[in-house]
There are 2 protein chains.
Amino acid sequence: MPRTLDIQEKIQELRLFYRREKRLPSYREMLDVFGYRSTNAVSGLVKKLVEHGFLAKDAAGHLSPTAQLSGTVRMLGFVQAGFPSPAEEAAADVLSLDEYMIRRPEATFLLTVNGDSMVDAGIHPGDIVLVEKGSQPRNGQIVVAQVDGEWTLKYYVKDSVGVRLDPANRKYQFIRPRQSLVIGGVVRGVIRRYE
Amino acid sequence: MPRTLDIQEKIQELRLFYRREKRLPSYREMLDVFGYRSTNAVSGLVKKLVEHGFLAKDAAGHLSPTAQLSGTVRMLGFVQAGFPSPAEEAAADVLSLDEYMIRRPEATFLLTVNGDSMVDAGIHPGDIVLVEKGSQPRNGQIVVAQVDGEWTLKYYVKDSVGVRLDPANRKYQFIRPRQSLVIGGVVRGVIRRYE
DNA sequence: ACCATAACTGAACACCCGTTCACCCGCAAC
DNA sequence: GTTGCGGGTGAACGGGTGTTCAGTTATGGT
């Protein structure tokens, strides 16, 4: 049998280059990245990386990274399961938070939360909500809405009476719009960063 | 005065190409993207995009996108401020969730939360925590730890007695490790996605 | 109405790109 | 020990790359 090649190691090198330069290296640059001396070796390796789904090639032959390559964090299991072995880590799915959290980039915006009306839903002051504009909210979804001139974050509920906006905090009561109701967008996600 | 050029519009086109192809177009491809007929026009525009910080050029002349270009979501203000006008939207800072949330990609992992011991800290079952390995936790930080063989999510507190692990839920009591304590990592962020 | 000037055209250039070819190397199985 | 075969070398090729230069066009200010 012929000699074997460690693809994982090559991917790691390529990933480092991509993180540093934010672009894929040319075949000549890959000579350094992979430790080759012939671009033909690179050509063969690239073919494999495409087969394995780390790179994609369009009709004109242009290379582009897939989520498997450009992703920044590894998705492991549950907290209860703890941290797996290094081998399991390497095999874990790599994903990009942007791709995971955002479906319609052109319609999605970030807003910082400044009230405590949604704390029981796990949305605290200082958290950032991902809001998607231009889609009709369904019952139970969290929306950013302007009720009688004031913008708030609430559960959207449509009942027999009309539209009701529920807080997730016993300190506050639900609201029914008197004059105007503008739905800014539907909350698709929440992110929080610890300093 | 000479004719003027709408850079924002060009950036938008370029951003669309980048989102679609996950790479920057070549100068000939930019002819289509920007609606030019000469690569010299492209050359001039690229120079301006570099000046404005949307593109970067390394020593060898290779182009790469900056966060301003590759970012996926626009950062607006606070919920109370509501949604700004389209003009303000265009001027808003564009950022990437990956860059915003992750400092050390090679040491950061995602774990799904399955207990309710941290609900009062806004971390619910099903949420995903970003855990950074290999850094010493400070008092008050949330950690993923293995206490006497079991993995949990708790506040890390070091007092005169030793290390104590506090839940954020009145139903549970704090824990002091009897035999073993392994700190898996420090929680740097939380993300939650609504279906 | 007319400049001044930035935006843009069109073409030419040197260079770098990815592909391909024939050939060599080294390891594992037989 | 020999052989099969995937991994890698080195070189050559055609086409695509970004740059540059001289010249043209369009527009906002005077």
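All of these numbers come straight from a predicted model, not from anything done at the bench. Naming: A, B, ... by sequence-line order, numbering from 1 per chain.
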field: Salt-bridge contact Arg20(B)-Asp58(A) (side-chain N to carboxylate O under 4.0 Å)
entry: no
message: Under 4.0 Å, heavy atoms only, any strand: does Lys47(A) hit a base, just the sugar-phosphate, or nothing?
response: nothing
statement: To the nearest angstrom, the NE2-C1' distance between His62(B) and dG18(D) comes to 10 Å
statement: Winner on side-chain proximity to Ser43(A), out of dC8(C), dT20(C), dT19(D), is dT20(C)
- request: Could you identify which residues of residues 14-40 of chain B place a heavy atom less than 4.0 Å from some atom of DNA chain D, listed by residue number, or say none?
  value: Ser26(B), Tyr27(B), Arg28(B), Thr39(B), Asn40(B)
statement: Separation between CZ (Arg74(B)) and CG (Leu95(B)), nearest 0.5 Å, reads 11.5 Å
message: Using whole Å, what does the distance between atom P of nucleotide dA26(D) and atom CG of Asp6(B) come to?
response: 19 Å
task: Just jot down the salt bridge (charged side-chain N to carboxylate O under 4.0 Å, His left out) partners of Glu21(B), sequence neighbours excluded, or say none.
output: none
- prompt: According to the interplanar angle, ranging from 0 to 90°, do the rings of Phe34(B) and Tyr36(B) count as parallel (below 30°), tilted (30 to 60°) or perpendicular (above 60°)?
  reply: tilted
- request: Using a 4.0 Å heavy-atom cut-off across all strands, classify Lys48(A) as base, sugar-phosphate, or nothing.
  value: sugar-phosphate
task: Determine yes or no for a side-chain-to-main-chain donor-acceptor pair under 3.5 angstrom, with Lys22(A) supplying the side chain and Thr66(B) the backbone.
output: no
message: Distance alone, cut at 3.5 Å: any donor-acceptor contact between the side chains of Arg23(A) and His62(B)?
response: yes
